[in-house]
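Take a look at the structure below.
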Amino acid sequence: MPADDYVPLMFQAQVEGRSQIQRLIPSQKADQQAYDWAKQWQKGCDKNNVPQFESHIQTRKYQFTWRMVTNSGQDAGVIRPVIGERGWAYFPGSSMKGAFLRACRQLCPADEVLLFCGGKDKDGELHPGMLRFHGGYPNDAEWLDNSLVDVVHPQEDWQSKNQGNHSAFIQISLHQPTFVFGISSSKTLTSEQWELVWKVWRTALEQGIGSRVSAGYGQIATHSGNKLVGFSLSGEGPASKLIDGQEEFRPNLFKAALRGHTRRLFNGITDEATADRITKLLWGGIGRGEDAIVGLLGISFNAPNLELEEWQSPVHRNNVVPIYETGDAVLDVLLMKSDLTSEQQDELKQFIIRLMKFAMLLGGFGKSWRRAYHPHFFPAYKRQLIGCHWEFTKRSYPLYIPFGEDLAAITKFLDTFHDKGKELSWLQKLEPQEKLTPGIREAWHQSNVQVWGRLARDKKDSLAIRWLHEPYQGAKSIKHSELTGWSSRNDLQPKTKIGRIWHRLYPRFHRTQNSDGRPIWKPTTQYAELLTIFPDDSTVSDDFLDFLGRKPYGFKQLWGNQ
């Protein structure tokens with residue numbers, strides 16, 4: 001046996017023939033080297049001895065709502081986790097101090113920041129801080145039972161452009177860990193001062209710690225200081241799978257959806273380079289030859305009653321799909337920087353509200369977001385689990401667009417959504433758009449997209465959902481066409497094709513008043529059945545638009561050029 005086989009993978013170089021935990025080979029499924037890497041770590045960790053802080057160190061524990069990445073820097077493209085005492089996962093004290101200092105500057109006067117964290121005084125003299133940051137460890141060995149192998153799969157170009165290249169990457173993260181953090185002081189602090197210290201640390205945690213915090217990693221449940229706006233919502237649909245097939249609800253899907261709609265909006269307003277720049281300024285990003293941009297916005301999702309189950313096709317018994325039901329959940333959109341004016345923060349808040357209303361109006365979140373949830377709206381279809389369904393819950397009912405039978409309110413909202421996008425010009429000067437950039441097929445522009453709709457009396461009254469599976473008129477069909485796309489078809493090339501049509505059943509709400517004159521929102525059984533189409537020059541597309549132009553079953557065009 002070669003001598004290097006005795007060296008744990010985590011201590012081997014990230015090169016071909018040695019350790020390559022970032023390399024994901026799709027055909028090998030769970031037989032990835034990352035799993036060997038993680039198992040060696042978990043096996044080597046001393047699970048019987050939970051790291052304990054010394055008695056003079058004050059401690060508090062906090063649970064993270066989803067995954068957390070402890071970051072010791074990148075090695076050949078993979079973020080290596082920090083490994084502490086006896087092999088335990090560790091959040092370093094130095095990183096803890098950095099996060100604390102950032103929060104302390106927001107909450108405390110300069111003299112208190114100097115007292116706690118040290119630094120130069122107004123005369124330029126250096127002072128040591130009183131606080132010592134001892135880092136954080138998981139509070140028990142439960143994290144060793146969970147899969148540490150995580151996956152990152154950017155799909156933005158694939159979904160919104162002409163199916164650009166996309167690849168998945170592996171990273172190592174902890175699933176919903178509870179961490180104990182330790183802080184001590186070189187001088188005796190009063191109980192009031194300690195309460196302030198822990199208040200500052202909690203504020204630091206609320207801004208996220210570790211890596212990928214804007215996508216929902218390293219977040220706790222509360223966000224008192226940096227929450228820009230919160231949404232109460234619930235959803236159900238097909239859940240994601242990790243590389244080894246383990247199901248997981250992954251909250252980073254919200255950032256992916258909102259980021260994608262941001263790019264669609266600005267690709268319809270300005271040139272591609274400016275749209276790309278604005279998207280990165282808002283949501284962060286990096287490109288070839290560019291420095292990383294820390295975005296203004298991030299997300300945090302908390303679904304305490306989330307359930308994962310399995311759906312099995314009655315006609316294809318081997319077709320078993322994990323599904324989620326979030327229950328009443330909260331999506332917080334976070335402000336990741338604190339140097340914006342109150343006017344800029346308010347504009348950003350209004351932008352996010354419109355973006356969220358747009359996402360809820362025309363699509364959904366996560367896998368199969370372009371389709372209405374078939375178990376609700378087409379229960380007779382049992383071959384595959386298709387679509388997802390998201391609704392605002394009671395506290396966010398006022399975000400529903402109240403529409404009449406003519407659906408005119410939806411047209412008005414879409415006009416506003418497009419026009420108001422230009423108000424973020426303080427973020428980046430908008431270059432005039434003379435014509436749409438070739439290759440951006442989902443630019444949100446009147447000349448590039450059409451939205452059609454009708455009023456459905458209840459969830460059984462969906463018509464268009466059948467047109468995705470059956471001829472819509474005579475022998476004419478859009479099934480498995482460039483318009484609808486297809487998935488996992490070995491007889492077609494490519495095997496999976498992103499379609500050009502979205503289908504959504506949007507609940508209808510009435511806005512009325514209670515006895516005190518306050519507005520209240522009442523649900524109805526009705527829906528707006530909406531089709532969003534990015535036409536191409538194909539005969540299938542032209543024929544289907546001609547069909548809709550004859551206003552079948554009450555469908556009419558709500559947005560886009562006739």
Side-chain angles (χ1 to χ4, degrees), residues 50-64 68-73 79-86 88-139 174 177-214 217-220 222-227 292 294 298 334-340:
V50 181
Q52 301 292 323
F53 292 98
E54 296 178 29
S55 59
H56 71 283
I57 299 173
Q58 292 220 12
T59 62
R60 291 202 180 176
K61 65 180 180 181
Y62 302 87
Q63 183 175 18
F64 294 87
M68 175 194 181
V69 181
T70 62
N71 182 0
S72 70
I79 298 172
R80 283 186 181 270
V82 187
I83 300 176
E85 184 179 349
R86 294 192 290 275
W88 280 66
Y90 178 55
F91 187 78
S94 56
S95 299
M96 194 177 170
K97 180 177 180 180
F100 184 95
L101 177 60
R102 182 180 60 182
C104 195
R105 285 172 174 161
Q106 296 171 20
L107 294 181
C108 303
D111 58 341
E112 215 151 28
V113 175
L114 190 64
L115 182 71
F116 286 152
C117 302
K120 291 182 180 179
D121 64 16
K122 59 184 178 182
D123 297 323
E125 186 176 349
L126 277 171
H127 294 269
M130 291 193 310
L131 298 180
R132 302 289 181 265
F133 299 90
H134 300 271
Y137 290 97
N139 71 324
L174 279 65
T178 297
F179 263 59
V180 179
F181 295 94
I183 303 175
S184 66
S185 174
S186 61
K187 297 180 180 178
T188 302
L189 298 182
T190 65
S191 58
E192 290 77 11
Q193 286 176 307
W194 272 115
E195 282 306 309
L196 176 58
V197 167
W198 287 113
K199 179 182 177 182
V200 173
W201 178 237
R202 185 175 189 87
T203 300
L205 288 174
E206 289 176 340
Q207 296 174 353
I209 63 170
S211 297
R212 301 186 186 279
V213 294
S214 67
Y217 285 83
Q219 300 284 354
I220 60 174
T222 60
H223 300 87
S224 58
N226 64 334
K227 184 172 80 172
V294 178
L334 310 176
L335 196 58
M336 307 303 287
K337 294 183 178 179
S338 58
D339 57 351
L340 297 184

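Just the heavy atoms: all of them, side chains too, but no hydrogens, waters or symmetry mates, feed the values below.
- In this structure, NE2 on H223 lies 9.5 Å from CG on L205, to the nearest 0.5 angstrom.
- Looking at every heavy atom in both residues, M336 comes nearest to V213 through CE-CG2, 3.5 Å.
- Taking Q106 as the reference, Q207 meet the side chain to side chain donor-acceptor pair (under 3.5 Å) condition, with sequence neighbours excluded.
- The residues E195 and R60 are annotated as salt-bridged, a charged nitrogen and a carboxylate oxygen being separated by less than 4.0 angstrom.
- Proximity of a side-chain donor or acceptor of S211 to a complementary backbone N or O of V69 within less than 3.5 Å is not detected.
- In terms of heavy atoms, R102 sits closest to A204 at NH2-O, 4.4 Å.
- When atom types are taken as modelled, the side chain of E206 and the backbone of I220 share no donor-acceptor pair closer than 3.5 angstrom.
- Ring geometry for F133 against F100 counts as tilted: the plane angle lies between 30° and 60°, on a 0 to 90° scale.
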Derivation and outcome, side chain to side chain contact (heavy atoms under 4.5 Å, CB included), residues Q52 and V180: CA-CA 9 Å; Q52 301 292 323; V180 179; over 6 Å; no

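- Residue F116 holds its CZ atom at 10.0 Å from CG of D111, rounded to the nearest 0.5 Å.
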Verdict with supporting geometry, S185 and W194, side chain to side chain contact (heavy atoms under 4.5 Å, CB included): CA-CA 9 Å; S185 174; W194 272 115; 4.0 Å; yes

Stepwise side chain to side chain contact (heavy atoms under 4.5 Å, CB included) test for Y137 and V50: CA-CA 8 Å; Y137 290 97; V50 181; over 6 Å; no

Pair R202-T222, side-chain hydrogen bond (donor to acceptor under 3.5 Å, both in side chains): steps then yes or no: CA-CA 9 Å; R202 185 175 189 87; T222 60; 3.0 Å; yes

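- When all heavy atoms are compared, the tightest approach of A89 to L174 is CB-CD2, 3.7 Å.
- Annotation: side chain to side chain donor-acceptor pair (under 3.5 Å) contacts of R105 (sequence neighbours excluded): none.
- Taken to the nearest 0.5 Å, the CE atom of M130 stands 10.0 Å off from the CG atom of L114.
- Taking OH from Y62 and CD from Q219, the interatomic distance works out to 15.0 Å, rounded to the nearest 0.5 Å.
- Contact detail for F53 and G182: the closest heavy-atom pair is CZ-N, 3.7 Å.
- Residue I79 holds its CD1 atom at 5.0 Å from CZ of R212, rounded to the nearest 0.5 Å.
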Stepwise side chain to side chain contact (heavy atoms under 4.5 Å, CB included) test for Q58 and V197: CA-CA 10 Å; Q58 292 220 12; V197 167; over 6 Å; no

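- With contacts defined as side-chain heavy-atom distances shorter than 4.5 Å, the pair R132/S186 qualifies.
- A donor-acceptor pair is defined here as one N or O able to donate and one able to accept, closer than 3.5 Å; such a pair exists between the side chain of D121 and the backbone of D123.
- The shortest non-hydrogen separation linking W88 to P51 is CD2-CD, 3.3 Å.
- No close placement of the F91 and F179 rings is indicated, their centers lying 6.0 Å or farther apart.
- Between the OG1 atom in T203 and the CG atom in L107 there is a gap of 4.5 Å [rounded to 0.5 Å].
- Between L189 and L131, the closest side-chain pair of non-hydrogen atoms falls below 4.5 Å.
- Within 6.0 Å of NZ on K337 lie more than 12 heavy atoms contributed by other residues, nucleotides or ligands.
- Across all their heavy atoms, I209 and F64 have their closest contact at CD1-CZ, 3.7 Å.
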